[in-house]
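We name chains A, B, ... by the order of the sequence lines, and we start the count at 1 in each one.
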Number of protein chains: 2
Amino acid sequence: MEQDVELSRSCLVERMRYYTPLSDKDKCLLKSLENEEISYRPRTRLSFSENPSYLFVLKSGWLYRYDEIDEKRRQVLRIHYPGDIVGLTDVAMQSAYGEMMTVTETVLCPFHKSRLDDIFIHSPRLTALLFSLGVLNQIVLQDRLKIMGRASATHRVAYFLLEMHARLRIHSPTKSLDRFEMPLTQDVIGDAIGLTNVSVSNALAQLACEGYCTCQHREVILHKLDKLKEMIGFQDRYFEIDTSWFPNV
Amino acid sequence: MEQDVELSRSCLVERMRYYTPLSDKDKCLLKSLENEEISYRPRTRLSFSENPSYLFVLKSGWLYRYDEIDEKRRQVLRIHYPGDIVGLTDVAMQSAYGEMMTVTETVLCPFHKSRLDDIFIHSPRLTALLFSLGVLNQIVLQDRLKIMGRASATHRVAYFLLEMHARLRIHSPTKSLDRFEMPLTQDVIGDAIGLTNVSVSNALAQLACEGYCTCQHREVILHKLDKLKEMIGFQDRYFEIDTSWFPNV
DNA sequence: CGGAAATTTGACGCTAATCAATTTATGTGG
DNA sequence: CCACATAAATTGATTAGCGTCAAATTTCCG
């Protein structure tokens, strides 16, 4: 029991066990990825392009990945929350994809990409889970494509808030979580959904005006969560993984 | 030798061996996924939402996946080429994502999702490859996000043509392939990159006017492939997979 | 060859980008 | 704890690009 409590302190284990029960062996496998720790200050630029052989477990804090398009434009590709594995898009290719920037104080646990082999070789079940989480990521990206392609500025911003809400819910599934911290600036939000900071500001004003939500002082309050979801047809992808076909070993 | 030739007729084996050498066992594993065949006519709507437990190897033909937004709007999420595994976004979740439509005459090989377990259990190396191809897909989606968020209509269309070019190159890496068939209508292209068919038409006219490429009679000719790539900063993601860390079993 | 689908072309309107100025919030040192 | 400097957010005026609607032309396919 003591041991189990000890193991559950792993951020990655917390995340994974949310989707499916884990054997002690699997917990150990995951836990071992968090042996080292590096801390970063807020707003630190992280560039691992020189040798993208390391992945990271994001232990605490927020960071985002972005890619420069030109001097004044960039695309925010992904926002990372605690429990995320960071850097897969770097290690699968021979070169890194964009850069990362910490938002808050951040702790990363680096591990070499060859450590993934341990999982692939020793735990087909964990492998299936990692694989499925990769597919889930594709689905989330596809959702974002849909929004970027066709939705108005207001809908895009609403979508962004709802996706953030869905992400945060994973780590506090009991709470209703109608309010949460928002450390991202409107510039970053805009770069994530293809808008200028001005348009984000206007969209937030309109959402507030219609009573859906407010976003002030780095805090989001979702007054009409369900109505908001309905308005843009939002689906929470983070609760849906089908584990029925996973191998039992 | 005879056997090897026989095995190489598998579309999936062809695709996978492009990225890394495969053992005979791995070839058999992959080949066995193509035991059944179903043919479809062009422009057939495929909906497997009732019970999304089957994946498909796309043996021949083209099809695309899309999702309706409202009556008149849809987002084309992905275009599938021979050798693709189709349907991962359905089986990982408990419900299907959108629908599919064949473009040309198409042959699909269905297999149950539990067959993936065979790969995860028996071939860590093939698992690593499947996993990496999933990550590659995420990268391609991220590239598309970048384009959708910030690029002009002309750049979007140029990007679309170049991505198609990159995809087709996988299956004929020797040819320079500066011209290829384009069975997709401008409506479909537009729905893929967030434009109307009218804007696609205008963008193609401008690209042709500037001498970059022509798209007529269902055929694309890229006159200045390199200049076009340079103009939009295109990177071919399909050649980059890093297999150095894959397990040897 | 004939009907339907796809593409092209043009006129007009709307949304969000751009540029710029102002207000508000944040964080630091005294 | 306050004053100050800087960053972030808000507001407004103007503009460019794409969407929308509609009609004409070309292509496709049985």
Side-chain angles (χ1 to χ4, degrees), chain A residues 41-44 64 69-76 101-105 147-161 181-209 213-220, chain B residues 41-44 64 69-76 101-105 147-161 181-209 213-220:
Chain A
R41 314 238 29 191
R43 282 149 208 270
T44 308
Y64 61 88
I69 297 168
D70 53 47
E71 303 80 40
K72 43 176 60 182
R73 301 240 151 275
R74 62 177 188 169
Q75 177 68 41
V76 168
M101 179 86 82
T102 62
V103 178
T104 63
E105 190 85 25
I147 285 287
M148 304 268 284
R150 297 300 192 189
S152 67
T154 310
H155 281 214
R156 289 193 211 192
V157 171
Y159 167 83
F160 185 88
L161 296 179
E181 290 292 306
M182 166 58 85
L184 303 171
T185 66
Q186 295 180 0
D187 262 302
V188 176
I189 297 174
D191 287 338
I193 54 180
L195 296 172
T196 59
N197 59 343
V198 178
S199 293
V200 173
S201 177
N202 289 332
L204 283 170
Q206 189 178 334
L207 287 170
C209 169
C213 59
T214 54
C215 179
Q216 282 177 339
H217 310 289
R218 303 284 146 101
E219 188 190 41
V220 173
Chain B
R41 316 242 22 198
R43 281 147 209 271
T44 308
Y64 60 90
I69 296 169
D70 52 48
E71 304 81 38
K72 45 176 57 182
R73 301 240 149 277
R74 64 178 186 166
Q75 177 67 42
V76 168
M101 178 86 80
T102 61
V103 178
T104 63
E105 191 85 24
I147 285 288
M148 305 269 283
R150 297 301 190 187
S152 69
T154 310
H155 281 214
R156 291 193 209 191
V157 171
Y159 167 85
F160 185 87
L161 297 179
E181 291 293 306
M182 166 57 85
L184 302 171
T185 66
Q186 296 180 2
D187 261 303
V188 177
I189 297 174
D191 287 339
I193 55 180
L195 296 172
T196 60
N197 60 341
V198 179
S199 292
V200 173
S201 177
N202 290 333
L204 282 171
Q206 189 179 335
L207 288 171
C209 169
C213 59
T214 54
C215 179
Q216 281 177 339
H217 310 290
R218 303 284 145 104
E219 187 191 41
V220 173

- Task: Could you check how far CG of D187(A) sits from C1' of dT18(C), rounded to whole Å?
- Result: 14 Å

- Message: If I take atom CG in residue L207(B) and atom P in nucleotide dT8(C), what distance separates them, rounded to the nearest angstrom?
- Response: 12 Å

- Query: Looking across every strand, which nucleic acid part, if any, lies under 4.0 Å from L204(A) by heavy atom: base, sugar-phosphate, or nothing?
  - Reply: nothing

- Task: Would you check if M148(B) and L195(B) make a side-chain contact, meaning some heavy-atom pair closer than 4.5 Å?
- Result: no

- Task: Map R43(A) and V198(B) onto DNA chain D by nearest heavy atom, then report which one ends up closer to the 5' terminus.
- Result: R43(A)

- Minimal heavy-atom distance between N197(A) and Q186(A), with the atoms involved, is O-OE1, 3.8 Å

- Taking the nucleotide of DNA chain D with the closest heavy atom to each, which residue, H217(B) or R156(B), is nearer the 5' end? R156(B)

- Given atom CD of Q206(B) and atom P of dG17(D), what is their separation to the nearest angstrom? 10 Å

- Query: Choosing from dG19(D), dT7(C), dA17(C), which nucleotide comes nearest the side chain of R218(B)?
  - Reply: dT7(C)

- Heavy-atom check, side chain of V157(B) versus side chain of L204(B), under 4.5 Å: yes

- A153(B) side chain, from C-beta outward: closest of dC18(D), dA9(D), dA25(C): dC18(D)

- Message: Does a side-chain N or O of T185(A) approach OP1 or OP2 of dA8(D) to a distance below 4.0 Å, or not?
- Response: no

- Message: Just to be sure I understand the rule, does G194(A) reach a base, reach only the sugar-phosphate, or reach nothing, if contact means heavy atoms closer than 4.0 Å?
- Response: sugar-phosphate

- Item | Atom-to-atom span, CE of M182(B) to C1' of dC28(D) - whole angstrom | 17 Å

- Query: What's the CZ-C1' distance between R150(B) and dT18(C), to the nearest Å?
  - Reply: 12 Å

- Message: Does N202(A) reach a base, just sugar-phosphate, or nothing at all? Heavy atoms under 4.0 Å.
- Response: base

- Rounded to whole Å, the CE-C1' distance (M101(B) to dA5(C)) equals 14 Å

- For dT8(C), take OP1 and OP2 only and decide whether either is under 4.0 Å from a side-chain N or O of Q186(B). yes

- Message: Side chains of R150(B) and D70(A), heavy atoms from C-beta outward: is any pair under 4.5 Å?
- Response: no

- Non-hydrogen side-chain atoms of R41(A) and T102(A) separated by less than 4.5 Å: no

- Item | Minimum-distance nucleotide to S201(B) side chain [options: dA17(C), dT7(C), dT27(D)] | dT7(C)

- Item | Nearest-Å distance for atom pair CZ/C1', residues R41(B) and dC29(D) | 12 Å

- Query: Between dC21(D) atom P and N197(B) atom CG, what is the distance in whole Å?
  - Reply: 12 Å

